[in-house]
Chemist: 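One structure coming up, written as structure tokens, with questions to follow.
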Amino acid sequence: MASSENKILPIRFIPFTLCFVGVVISFFSLKLHPLAPYFLALFSFLAIVGIYDRIQTKVAILRNYPVIGHLRFMLEFIRPEIRQYFIEGDNDETPFSKEQRTLVYSRAKAVPDQIPFGTTLDVMAPGYQWINQSLVPTHLPSHDFRVEIGGKDCTQKYSASIFNISAMSFGSLSANAILALNLGAKQGGFAHDTGEGSISHYHRVYGGDLIWEIGSGYFGCRNTDGSFSAEKYTENALDPQVKMVEIKLSQGAKPGHGGILPGPKVTAEIAAARGVKEGESCVSPSSHSAFSTPLEMMHFVKKLRDLSGGKPVGFKLCIGHPWEWFGIVKAMLETNIYPDFIVVDGSEGGTGASPVEFTNHVGTPLQEGLRLVHNTLVGVNIRDQIKIGCSGKIISAFDMAVAFALGADWCNSARGFMFAIGCIQAQVCNTGFCPTGVTTQDPVRQKALVVPNKADRVFNFHRETLKTLKELVEAAGLHHPGEIDAPHIVRRINKNEVRLLSFLLPEMPAGLLLNSETIDPALNLPRVFGMYWHKSQASSFAAIKG
């Protein structure tokens with residue numbers, strides 16, 4: 001039962017009451033102490049805040065806890081910083097651990113990244129993975145691993161690095177961030193994906209290789225009504241700086257969502273890059289208008305390739321309904337039109353802003369999505385004609401090794417390169433208040449990001465990561481990262497059992513999907529093939545009924 005004193009003056013009102021006491025004492029001390037006027041101003045301000053807290057009707061906490069209740073909101077505001085700097089462990093992933101971020105910062109600065117005393121990971125924890133080493137390591141002459149992208153209908157094949165900058169648009173990133181990324185890519189001889197915001201002035205300043213991503217808004221190649229413009233597309237696609245064209249079907253962090261950039265954020269520079277009017281809201285629909293079936297999509301791929309003069313054209317997607325993906329593959333077979341590449345984006349990928357439900361619970365993670373795409377192409381005997389890229393929380397050389405084991409030909413990283421140019425994972429990308437100038441359009445904040453310095457860090461991070469990948473490949477007794485396969489990676493199941501990745505994620509026998517509409521259960525392949533391959537169709541993204 002509450003005490004009689006608490007009934008008269010509840011404890012929660014004591015700070016509020018002390019503000020008035022402070023006003024009275026300060027007032028009568030004006031002639032006695034030189035600091036009294038300042039204390040009078042402070043306590044008067046707090047007393048007014050408390051009065052307002054009591055009479056306002058929007059926030060219950062402040063009505064019940066005048067003055068002191070603001071402390072709750074202050075602590076909540078700095079909660080991410082408190083957690084990041086004082087509470088979280090080195091290996092707590094939220095979404096990237098301190099150890100992961102430190103690794104990138106060290107490599108970006110070209111300082112030693114070795115750790116002393118031993119691993120901090122729990123090697124007995126389920127999910128722990130490693131790559132088996134050889135007693136006869138190889139010795140490779142260079143870390144500059146490359147992959148040639150371009151299929152049978154491509155006349156301007158591209159020799160790409162196996163590690164590139166993933167899609168991030170100007171508008172989501174600042175001008176200085178784009179400049180630093182592109183200059184670093186130029187210095188290191190690797191590619192910079194524009195993101196669906198198209199090619200801005202800042203992408204062109206240093207001339208680094210570009211992968212032009214075209215989303216459902218057709219920014220940079222759109223008519224005034226938002227439909228695809230072949231004329232505007234050709235103008236950009238023929239630019240020698242554009243090495244490949246990527247159709248964005250979906251993004252891992254918010255697949256199937258679309259988006260809108262409000263009119264006030266559409267500056268003159270963003271409007272020029274995207275081909276929209278300054279000050280008008282910029283909409284990315286949730287689906288494309290240039291095609292509505294897998295067959296139409298393949299003809300759109302061919303159209304883009306032809307208009308670009310034969311440059312590699314592919315698409316990026318986060319796997320959703322499996323029959324839609326299978327329908328796309330069947331359309332490839334029916335039309336004999338193959339994309340030059342496919343980028344698989346995992347649901348663990350990042351974004352500037354997304355609804356929590358989409359970030360946490362929509363889309364397929366990279367492991368399952370990448371393995372499904374690889375296995376399907378093997379199953380129809382066209383894996384050798386299409387290169388596969390991947391993205392989704394790839395930071396280290398070991399992350400890349402696992403991706404190669406799952407079937408990737410190259411890897412993209414977005415947040416890794418953001419860390420390289422100074423991102424501290426403040427997680428305020430959608431507010432415009434990025435503390436390091438990476439994800440803001442505030443011209444003052446952007447100036448904190450010094451382009452030549454950060455470009456060197458982009459170059460260093462790319463180089464040092466590939467040097468470490470080279471050492472992993474050598475330790476495994478191999479000659480190229482492309483030789484890393486599922487049997488090379490081991491995963492712990494529980495404290496007493498480990499499995500090769502090839503047993504957990506078996507590979508599809510070549511051509512199996514061409515020979516049968518049913519999948520033998522004895523092959524131990526994912527049930528998704530048996531359930532949905534026969535229900536998919538090239539003429540529609542919908543599943544066959546029945």
Side-chain angles (χ1 to χ4, degrees), residues 151 153 196 213-218 225-228 230 245-252 254-258 283-306 313-345 347 358 362-364 368-383 385-386 388 508 511-519 525-546:
D153 297 318
E196 69 174 310
E213 182 177 89
I214 298 175
S216 56
Y218 304 113
D225 63 356
S227 60
F228 174 74
V245 177
E246 176 183 282
I247 304 167
K248 174 188 169 184
L249 300 182
S250 57
Q251 176 184 346
K254 49 182 178 183
H257 185 262
V283 178
S284 296
S286 57
S287 61
H288 281 260
S289 60
F291 55 87
S292 58
T293 69
L295 290 173
E296 291 177 357
M297 177 181 162
M298 289 304 103
H299 288 293
F300 187 61
V301 168
K302 182 181 185 302
K303 180 178 182 178
L304 296 189
R305 187 189 291 126
D306 292 342
V313 174
F315 58 86
K316 177 179 85 172
L317 83 166
C318 176
I319 293 294
H321 293 312
W323 60 82
E324 296 179 347
W325 157 244
F326 292 155
I328 292 173
V329 175
K330 288 185 176 180
M332 296 178 197
L333 300 175
E334 187 171 324
T335 60
N336 198 32
I337 300 172
Y338 303 135
D340 298 291
F341 65 91
I342 298 170
V343 175
V344 182
D345 199 11
S347 62
F358 277 78
V362 180
T364 303
E368 287 71 23
L370 178 55
R371 199 59 174 169
L372 178 66
V373 169
H374 169 76
N375 272 336
T376 308
L377 298 182
V378 169
V380 295
N381 279 338
I382 59 173
R383 178 63 181 88
Q385 300 188 51
I386 301 173
I388 300 178
M508 170 77 68
L512 179 67
L513 295 176
L514 295 175
N515 302 324
S516 176
E517 285 289 314
T518 60
I519 307 299
L525 292 173
R527 295 179 60 189
V528 64
F529 291 102
M531 293 175 65
Y532 296 117
W533 177 253
H534 67 284
K535 291 186 177 182
S536 61
Q537 52 188 330
S539 59
S540 173
F541 285 111
I544 296 173
K545 301 287 186 180

Chemist: Using modelled atom types and a 3.5 Å cut-off, is there a donor and acceptor pairing between side-chain atoms of Lys330 and backbone atoms of Trp533?
Modeler: yes
Chemist: Working to the nearest 0.5 angstrom, can you tell me the gap between Arg383 CZ and Ile388 CD1?
Modeler: 3.5 Å
Chemist: Mind running side chain to side chain contact (heavy atoms under 4.5 Å, CB included) on His299 and Thr335 for me, showing each step along the way?
Modeler: CA-CA 8 Å; His299 288 293; Thr335 60; 4.0 Å; yes
Chemist: Are any non-hydrogen side-chain atoms of Met298 and Pro339 less than 4.5 angstrom apart?
Modeler: yes
Chemist: Nearest 0.5 Å please: distance from the CZ atom of Phe326 over to the NE2 atom of His321.
Modeler: 13.5 Å
Chemist: Closest heavy-atom contact between Ser347 and Val362?
Modeler: CB-O, 3.7 Å
Chemist: Could you report the tightest heavy-atom contact between Ala290 and Phe228, atom names first, then the distance?
Modeler: CB-CB, 4.4 Å
Chemist: For the NE2 atom of His374 and the CD1 atom of Ile342, what is their distance to the nearest 0.5 Å?
Modeler: 12.0 Å
Chemist: Any idea which heavy atoms bring Ser227 and Tyr218 closest together, and the distance?
Modeler: C-CD1, 4.1 Å
Chemist: Do Trp323 and Met531 touch side chain to side chain, with heavy atoms closer than 4.5 Å?
Modeler: no
Chemist: For Gln537 and Thr293, run side chain to side chain contact (heavy atoms under 4.5 Å, CB included): C-alpha distance rounded to whole Å, both residues' side-chain angles, the deciding distance at 0.1 Å, then the answer.
Modeler: CA-CA 9 Å; Gln537 52 188 330; Thr293 69; over 6 Å; no
Chemist: Once rounded to the nearest 0.5 Å, what's the spacing between atom CD of Glu368 and atom CD1 of Ile319?
Modeler: 11.5 Å
Chemist: Considering all heavy atoms of both residues, which atom of Thr376 and which atom of Val329 are nearest to each other, and what is their separation?
Modeler: CG2-CG2, 3.7 Å
Chemist: Using atom types as modelled and distance alone, determine if a side-chain donor or acceptor of Ser250 lies under 3.5 Å from a backbone N or O of Cys318.
Modeler: yes
Chemist: Without swapping roles, check the side chain of Asp345 against the backbone of Gln251 for a donor-acceptor pair under 3.5 Å.
Modeler: no
Chemist: Does the Thr364 side chain pair with the main chain of Gly369, one donor and one acceptor, at a distance under 3.5 Å?
Modeler: no
Chemist: Check Ser287 against Ser216 and note the closest heavy-atom contact, atom names and distance.
Modeler: O-CB, 3.4 Å
Chemist: Would you check if Ile247 and Met297 make a side-chain contact, meaning some heavy-atom pair closer than 4.5 Å?
Modeler: no
Chemist: Hey, does Leu295 have a side-chain heavy atom less than 4.5 Å from the side chain of Glu334?
Modeler: yes
Chemist: How close do Phe315 and Ile328 get, heavy atom to heavy atom, and via which atoms?
Modeler: CZ-CG2, 3.9 Å
Chemist: So, taking the atom named CG in Leu249 and the one named CD1 in Ile214, what distance separates them when rounded to the nearest 0.5 Å?
Modeler: 11.5 Å
Chemist: Roughly how far, to the nearest 0.5 Å, is CD1 of Ile337 from CE of Met332?
Modeler: 10.5 Å
Chemist: Report yes if some heavy atom in the side chain of Phe529 is under 4.5 Å from a heavy atom in the side chain of Leu372; otherwise report no.
Modeler: yes
Chemist: Could you check whether any side-chain N or O of Asp340 sits under 3.5 Å from a backbone N or O of Gly151, counting only pairs where one atom can act as donor and the other as acceptor?
Modeler: yes
